[in-house]
Amino acid sequence: MIYLDNSATTQVMAPVVEAMCRAMKDSFYNPSSLYAPAVEVEQALTAARERIAHSLGSRALRVLYTSGGTESNNMAIVGALPRDGRPAHLVTTAMEHPSVLACMQRLETQGHRVTYLPVDAQGQVEREALSQAVGEDTVLVSIMQVNNETGAVQDLEALGRIIHGRNPRTLFHVDGVQGYLRLPVSMPRLGVDLYSLSGHKIHGPKGVGALVMRDGVRLTPLLVGGGQQQEARPGTENVPGILGLDAAVSIFETQGEEFAFHMRGCKAAFLETLETALDGWQVNGPSPETAAPHILNLSLDGVRGEVVLHALEEEGVYVATGSACSSKKRNASHALLAHGLSPERALSSIRISFSPMTQRQDMPQAAEILAHAVQRLRRFRRK
Amino acid sequence: MKRVLLIRYGEIHLKGLNRPYFERAVLHAIEEVTRGVEGIHTYRGQGRFYLEGYPETMEPQVIQAVCKVFGVHSVSPALCLEKDLDVIAEAAAEMMRERGYVQGTFKADSRRSDKQFPLNSMQLNEELGYRLLEAIPGLSVDIHTPQWTVYCEIREEAYLYVDKIPGAGGMPSGTGGKALLLLSGGIDSPVAGWMLGKRGSAVDAIYFDSPPHTSARARQKVVDLAQIVADWTGRVRLHIVPFTQVQELLYDKGPEDMLTLLMRRAMMRIAERVARRTGCQALATGESLGQVASQTMEAIACTEDGVGMPVLRPLICFDKNDTIEVARKIGTFETSILPYEDCCTVFVPKHPLTKPQLPVVRAAEEAVYAEGGETLLEEAMKGIQVMELTRRPAFG
């Protein structure tokens, strides 16, 4: 089995499993309880918060644990609305993850105004459009750090400068689910006010994530309850999940650069074989070198991405396609269309995504399998 | 006061000497769908069944489950009472009040099979009507078109009820032969299977799987649909045929405008062999006349050509809307419209023949199968996987 769908989720690393088992066996106390062992659990959560804050550039950042990327994004966006209920303006891009886009669309039905910024073929947000979009009543701009389909990386510093130059009160939210720990981030330096991250994209567990906030940012909570996390996100903390996330973060802390180098190497090795083994394909979005280290999006002429996916599956190679195959509803990926791809090319795309656990020596074989599958399937065109 | 469910089975009455056989089948199904309800038991009355002993709070779910049994004509939640006019009349008034039937017209409809009871049916109607009028001032009697009918049956005990809830109708499952349904994952075929099941046929199903052109989810969808049909019929055995190689052979060697026809003929051939091997007496499809090119009269004739058993097409005269209506009612629609099935579009001709000529189709098929085609069909047969789907319990 060669697993190349690491943007969907990653395999949990062994130290993470161990940390979680320990948490479930030994640290089962409710962190809000008053006796000493419970306080110890609470301290462990605090230490994990500090590690996450540090990984994003400052121990002064505030870390709220959530159930994952979707909740973090929702909390940032909905929580930023004016408390008095007056209509607000928000800005995002056309290629965001559905947990941002669907949230924005719901706000539109509630009377808020949303601007969807275009991106270019490399997946770069158009800065002029951003500058024009942000105004007096803009409460939040939400832009993803790394696009989950093409790996396009934003220059957050430049975007942050534009946003805050136009309106210092506008919050800059970054969906960092695909970027966290794969690329270095310093929230204070980049001018990022809110940052979403998820455990299972970095070899941690599913069902846990965080929304990291610049000190002083105040959001309206989505949930009300028993007052945990200073009432900003009540609910008994997911202790095993958080300690698993913490273990994953600590691994990246020491090996993050090495990991990025490894993933770039895997991508290069894959492409090197593919170049000789197959004709008629293109890289979508940014060039493989400028894209995030773990993501590669290809269009394969004359085949459907989903059919290729299933053919690879038969050979034990797992990849993704952002564009599910259906003749009734041509649901080409919105993100690829936003990058300016034609629907036909979007439907012929697959996403290959690497991880630190990907075996570099498997890459030539995986590329060969892809080449072979595409050649076999190209025979079948609609007559 | 004891509550019972009175269950009527319609058409089985007609079945003469076979009647006990049909009765046993429907009783068995009723017992099966109510299994797991604490204290419930069934007993037989004249031309009906009774269910009793279930917790009162579960009555609505029990009714719902029983109404899904083929062969059940209608169900009435009833009170089982002492054969005493005062008791009956008081309970009748209470029953009307409970349901809010206090302003409008009614009639009493009694039946006395216990001739020891002092009043005959007519007298009981009059007496019951009179007492209800006394008890609930907003009621008046209308013999011809009443809003509500208060039924009272004097048998071993007195049974009193107002509601008649229609059941699934039809004939008990498994009493009408066995058909093999060509199940595709679309809207039509599960409805066709359900309709045959409703007429008493046992239904097995066959699905043609073409990975990588179709996905594991498309296949799961078919399994889910077969399961929903099994929830009605009690049991569906699903045969999954690996069809990719046949599909690709047809693509490579068949004339473009006949691809769908040749594919359907291949499916029919395999299905017939599976049917014979598993004791099915007919094939069944969801075809509807003229719906698509492969379902014109000519195309159907070409598809059926060479099949040595009946091919049943319950939907042949259904409009799509009619089919969708049934699909919604039986709970297959939401699953059928999931989008996964359509990666096969490369195998669909752009301009299919709508009036194919049988000799031409036969000749084309012969050419396709000339080298090794028969072996591919055999291979596909060998690779069949079988799944047994049985009714999911509603209780326990």
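Small disclaimer: the values here were computed from a predicted structure and weren't measured. Letters go in sequence order (proteins before strands), and every chain restarts at 1.
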[atom1] ([X]) with more than 12 external heavy atoms under 6.0 Å:
X: B:Gln245; atom1: CD; value: no
X: A:His372; atom1: NE2; value: no
X: B:Gln357; atom1: CD; value: no
X: A:Glu272; atom1: CD; value: no
X: A:Glu108; atom1: CD; value: yes

Query - Shortest non-hydrogen contact between A:Leu377 and B:Pro212, atoms and distance - result: CD2-CG, 4.1 Å
Do [X] and [Y] have side-chain heavy atoms sitting under 4.5 Å apart?
X: A:His310; Y: B:Ser215; value: yes
X: A:Arg381; Y: B:Tyr251; value: yes
X: A:Arg379; Y: B:Glu248; value: yes

Report task. Flag the pair B:Arg217 and A:Glu306 as a salt bridge only when some basic side-chain nitrogen lies within less than 4.0 angstrom of an acidic carboxylate oxygen. Result -> no
Query raised in the report: With only heavy atoms counted, which part of A:Leu312 is less than 4.5 Å from chain B, the side chain, the backbone, both or neither?
Result: neither
